Amino acid sequence: MDDPVLLTGAGGHVGRTVYERLADDYDWRLMYHTQPTEEPEAPYFTGDVQETEDVRPAMADAGTVIHLAGDPRRDAPWRSVLTNNIDGTHTVYELAVECGVERVVFASSNHAVGAFETDERTPEMYRADDEFRLDGTELPRPGNKYGISKATGETMGRYYHDEHGIDVCNIRIGNLNEDHPPIDYERGQAMWLSPRDCAHIHDCALRADYDYEIVYGISDNDRKYYSLERAKDVLGYEPRDNSAEWDGAERISNDL
Ligand SMILES: NC(=O)C1=CN([C@@H]2O[C@H](COP(=O)(O)OP(=O)(O)OC[C@H]3O[C@@H](n4cnc5c(N)ncnc54)[C@H](O)[C@@H]3O)[C@@H](O)[C@H]2O)C=CC1
Ligand SMILES: O=C1O[C@H](COP(=O)(O)O)[C@@H](O)[C@H](O)[C@H]1O
């Protein structure tokens, strides 16, 4: 892929993880909310992702967008997810059409399907011997307003794929916890996405051939309630980490 890749939300946890590990592999355009503390090597832009005039210069020569910017809080209020997440994603897709972008990789979330975690299924579904799996073919089932915004982003992608031919990959990211899996949090261990697997799945989503996809972005954890089959089959995702292998003393190597 030769055209520049625009990364929104470049200053956040996922954005830094993706950029730091793939910095040399793509011609990046980085979008930050505010001025970054350290000057990145790649061309960068600042502004509100929901504002067309802020995003247009960042997207002008991009062929692909990884869209991460937004309010990531599970308890985010409606006003915030409406502005930052829903309006922001709409602006990204509208400009993608205007700028001739061919592909959008969208940071969806486990919270788009959080209400599958019913009282009857939990906590058993978080355990290694439980066979319940979501595979991306199920309808969204958000458990909060943040999850509604992510389900809406996925549906928006469907529209822009069908109407405008943009390739769309929605990655329902689990729980990016830096350095090690969440401790004393079974659910978090079941949906842990290690930093190197996070960079790898985004790399796969930039390179693979697909039309419209919903995949789960977690490491190959023994505990899991998301299927990795679609990500493996369509994207060629080969996760290397597993929350069960963290022994509490040593950090998993995050070399790519
Ligand atoms: N970290 C995780 O485990 C997960 C993250 N995600 C999604 O991945 C994306 C990135 O999440 P994180 O990096 O963890 O969050 P973060 O809060 O660290 O990064 C988000 C970035 O977006 C920027 N941003 C927020 N609103 C903006 C706006 N209106 N205009 C421009 N920039 C704006 C923030 O300044 C921040 O730098 C989010 O969309 C989040 O919903 C989804 C599932 C899990
Ligand atoms: O979508 C997201 O999910 C992760 C994990 O969810 P949590 O409910 O276990 O915290 C969350 O950490 C992240 O902030 C959010 O964007």
Side-chain angles (χ1 to χ4, degrees), residues 6-20 30-37 40 44-55 58-59 65-77 79-92 95 104-117 122-123 126 140 142-154 156-157 170-179 181-195 197-199 201-202 205 214-219 223 225-226 243:
L6 170 62
L7 181 68
T8 74
H13 293 104
V14 179
R16 290 197 310 272
T17 298
V18 168
Y19 178 62
E20 281 168 11
L30 307 176
M31 184 161 178
Y32 297 86
H33 208 176
T34 56
Q35 182 68 21
T37 46
Y44 72 94
F45 305 81
T46 58
D48 291 324
V49 76
Q50 68 275 18
E51 296 298 336
T52 300
E53 300 311 318
D54 290 353
V55 185
M59 209 187 286
V65 178
I66 297 180
H67 176 43
L68 307 176
D71 187 336
R73 297 171 297 163
R74 67 183 128 177
D75 59 350
R79 183 51 52 187
S80 179
V81 298
L82 182 61
T83 306
N84 296 297
N85 299 8
I86 297 178
D87 280 345
T89 302
H90 180 248
T91 300
V92 164
L95 281 172
V104 173
V105 178
F106 173 63
S108 186
S109 169
N110 62 88
H111 286 282
V113 288
F116 279 101
E117 297 168 50
T122 58
Y126 306 139
N144 47 42
K145 289 169 186 172
Y146 165 70
I148 294 174
S149 77
K150 291 298 175 181
T152 304
E154 294 179 358
M156 243 189 261
N170 303 288
I171 304 178
R172 288 181 177 162
I173 301 172
N175 189 350
L176 174 73
N177 214 53
E178 287 160 50
D179 296 334
I183 296 164
D184 298 332
Y185 183 27
E186 285 188 292
R187 176 173 182 269
Q189 289 164 10
M191 59 174 179
W192 184 50
L193 178 63
S194 73
D197 286 340
C198 176
I201 197 169
H202 284 87
I214 295 174
V215 299
Y216 284 96
I218 61 169
S219 288
R223 295 172 186 269
Y225 52 97
Y226 300 139
S243 57

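Each residue takes its place number in the sequence, starting with 1. Only a predicted model underlies this, so the values are computations on that prediction, with no experimental measurement involved. Just so you know, ligand 1 is whichever comes first in the structure, and atom 1 is the first atom listed for that ligand.
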K.L.:
Can you find an N or O of Pro72 that's nearer than 3.5 Å to an N or O of ligand 1?
P.N.:
no

K.L.:
Within a distance under 4.0 Å of any heavy atom of Tyr185, pick out the atoms of ligand 2 and give their elements.
P.N.:
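By the 4.0 Å cutoff, the relevant atoms are 7 (P), 8 (O), 9 (O).
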
K.L.:
Below 4.5 Å, heavy atoms only, C-beta onward: do Cys198 and Val14 meet side chain to side chain?
P.N.:
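Yes, side chains in contact.
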
K.L.:
With a 4.0 Å cut-off on heavy atoms, is Ser108 touching ligand 1?
P.N.:
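Yes, Ser108 has a heavy atom closer than 4.0 Å to ligand 1.
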
K.L.:
Number the atoms of ligand 1 from 1 as they appear, then name those within less than 4.0 Å of a heavy atom of Gly11, with their elements.
P.N.:
37 (O)

K.L.:
Which of the atoms of ligand 1 are close to Gly47, meaning less than 4.0 Å from one of its heavy atoms?
P.N.:
30 (N), 31 (C)

K.L.:
Shortest non-hydrogen contact from Arg16 to Gly11?
P.N.:
NH1-O, 2.7 Å

K.L.:
Is there side-chain contact between Pro142 and Ile148, with heavy atoms separated by less than 4.5 Å?
P.N.:
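They are in contact (side-chain heavy atoms under 4.5 Å apart), so the answer is yes.
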
K.L.:
Short list, please: which atoms of ligand 2 are under 4.0 Å from a heavy atom of Ser109?
P.N.:
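Every atom of ligand 2 under 4.0 Å from some heavy atom of Ser109: 1 (O), 2 (C).
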
K.L.:
For ligand 1, is there an N or O atom under 3.5 Å from any N or O atom of Gln50?
P.N.:
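It does: an N or O of Gln50 is found under 3.5 Å from an N or O of ligand 1.
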
K.L.:
With heavy atoms of Gly174 as the reference, note each atom of ligand 1 found under 4.0 Å away.
P.N.:
3 (O), 43 (C), 44 (C)

K.L.:
Counting each atom of ligand 2 from 1 as listed, which ones have a heavy atom of Gly174 under 4.0 Å away?
P.N.:
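Taking each heavy atom of Gly174 in turn, ligand 2 has 3 (O), 4 (C), 5 (C) under 4.0 Å.
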
K.L.:
Please report which non-hydrogen protein atom sits nearest to atom 27 (C) of ligand 1, along with the residue it belongs to and the distance in Å to one decimal place.
P.N.:
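Nearest protein contact, heavy atoms only, for atom 27 (C) of ligand 1 is His33 CE1, 3.4 Å.
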
K.L.:
In terms of residue, atom name and distance, what is the protein heavy atom nearest to atom 4 (C) of ligand 1?
P.N.:
Ile173 CG2, 3.9 Å

K.L.:
Please classify the His111 to ligand 1 contact at 4.0 Å (heavy-atom distances, strictly less than): side chain, backbone, both or neither.
P.N.:
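Looking at His111 and ligand 1, no heavy atom falls under 4.0 Å.
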
K.L.:
Counting from 1, what ligand 2 atoms have a heavy atom of His111 closer than 4.0 Å?
P.N.:
1 (O), 2 (C), 3 (O), 6 (O), 7 (P), 8 (O)

K.L.:
Which of parallel (below 30°), tilted (30 to 60°) and perpendicular (above 60°) describes Tyr146 and His111?
P.N.:
perpendicular

K.L.:
Considering heavy atoms of the protein only, find what lies nearest to atom 37 (O) of ligand 1 and give residue, atom and distance to 0.1 Å.
P.N.:
Gly12 N, 3.4 Å

K.L.:
Report yes if the side chains of Arg172 and Phe106 come closer than 4.5 Å at any heavy-atom pair, otherwise no.
P.N.:
no

K.L.:
Quick one: look up the protein heavy atom nearest atom 1 (N) of ligand 1 and list residue, atom name and how far away it is.
P.N.:
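Closest protein heavy atom to atom 1 (N) of ligand 1: Val14 CG2, 3.8 Å.
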
K.L.:
Would you kindly say whether Ser108 and Asn170 are connected by a side-chain donor-acceptor distance under 3.5 Å?
P.N.:
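There is no such pair between these side chains.
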
K.L.:
N/O to N/O below 3.5 Å, does that happen between Asp48 and ligand 1?
P.N.:
no

K.L.:
Determine whether the aromatic ring centres of residues Tyr126 and Tyr225 are separated by less than 6.0 angstrom.
P.N.:
yes

K.L.:
Of the protein's non-hydrogen atoms, which lies at the shortest distance from atom 9 (C) of ligand 1, and what is that distance?
P.N.:
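Nearest neighbour among protein heavy atoms for atom 9 (C) of ligand 1, to 0.1 Å: Leu68 O, 3.1 Å.
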
K.L.:
Is a donor from one side chain sitting under 3.5 angstrom from an acceptor on the other, for Asn110 and Arg187?
P.N.:
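Present: a donor and an acceptor within the cut-off.
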
K.L.:
Need the ligand 2 atom indices (1-based, order shown) with element for anything under 4.0 Å from a heavy-atom of Tyr146.
P.N.:
1 (O), 2 (C), 15 (C), 16 (O)

K.L.:
Output the list of atoms in ligand 1 that are nearer than 4.0 Å to some heavy atom of Asn175, sorted by atom number.
P.N.:
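Atoms satisfying the 4.0 Å criterion: 3 (O).
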
K.L.:
Quick check on contacts: which atoms of ligand 2 are under 4.0 angstrom from a heavy atom of Arg74?
P.N.:
7 (P), 8 (O), 10 (O)

K.L.:
With respect to Lys150, determine whether any N or O atom, backbone or side chain, lies less than 3.5 Å from an N or O atom of ligand 1.
P.N.:
yes

K.L.:
What I'd like to find out is whether the side chain of Asn84 reaches to under 4.5 Å of the side chain of Gln50, using heavy atoms alone.
P.N.:
yes

K.L.:
If we only count heavy atoms from C-beta on, is the Leu30 to Tyr32 side-chain gap below 4.5 Å?
P.N.:
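Yes. Closest side-chain heavy atoms under 4.5 Å.
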
K.L.:
At a 4.0 Å cut-off, with the gap strictly under it, does some heavy atom of Gly217 reach an atom of ligand 1?
P.N.:
no

K.L.:
Quick one: which ligand 2 atoms are inside 4.0 Å of a heavy atom on Pro72?
P.N.:
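Within the 4.0 Å cut-off of Pro72, ligand 2 contributes 13 (C), 14 (O), 15 (C), 16 (O).
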
K.L.:
Any chance the side chains of His67 and Thr89 put a donor and an acceptor closer than 3.5 Å?
P.N.:
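Distance-only check passes for His67 and Thr89.
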
K.L.:
Could you tell me whether some N/O pair between Ser109 and ligand 1 is separated by less than 3.5 angstrom?
P.N.:
no

K.L.:
Thr83 and Asp87: side-chain donor and acceptor closer than 3.5 Å?
P.N.:
no

K.L.:
Which residue and non-hydrogen atom of the protein lie closest to atom 21 (C) of ligand 1, and at what distance in Å?
P.N.:
Gly9 CA, 3.9 Å

K.L.:
What residue and heavy atom of the protein are closest to atom 3 (O) of ligand 1, and at what distance?
P.N.:
Leu176 N, 2.8 Å

K.L.:
Has Tyr146 got any heavy atom lying under 4.0 angstrom from an atom of ligand 1?
P.N.:
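Within the 4.0 Å threshold, so yes.
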
K.L.:
If we count only non-hydrogen protein atoms and require a distance under 4.0 Å, does atom 11 (C) of ligand 2 qualify as touching the protein?
P.N.:
no

K.L.:
Would Met191 count as being in polar contact with ligand 2, using the rule that some N or O on each side must be under 3.5 angstrom apart?
P.N.:
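The answer is no, given that Met191 and ligand 2 share no N or O pair closer than 3.5 Å.
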
K.L.:
Can you report which non-hydrogen protein atom sits closest to atom 8 (O) of ligand 1, along with the distance?
P.N.:
Ala107 CB, 3.5 Å

K.L.:
If you measure every N/O of Val49 against every N/O of ligand 1, is any gap under 3.5 Å?
P.N.:
yes

K.L.:
Could you tell me which atoms of ligand 2, counted from 1 in the order shown, lie closer than 4.0 angstrom to a heavy atom of Arg187?
P.N.:
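Near Arg187, the atoms of ligand 2 are 6 (O), 7 (P), 8 (O), 9 (O).
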
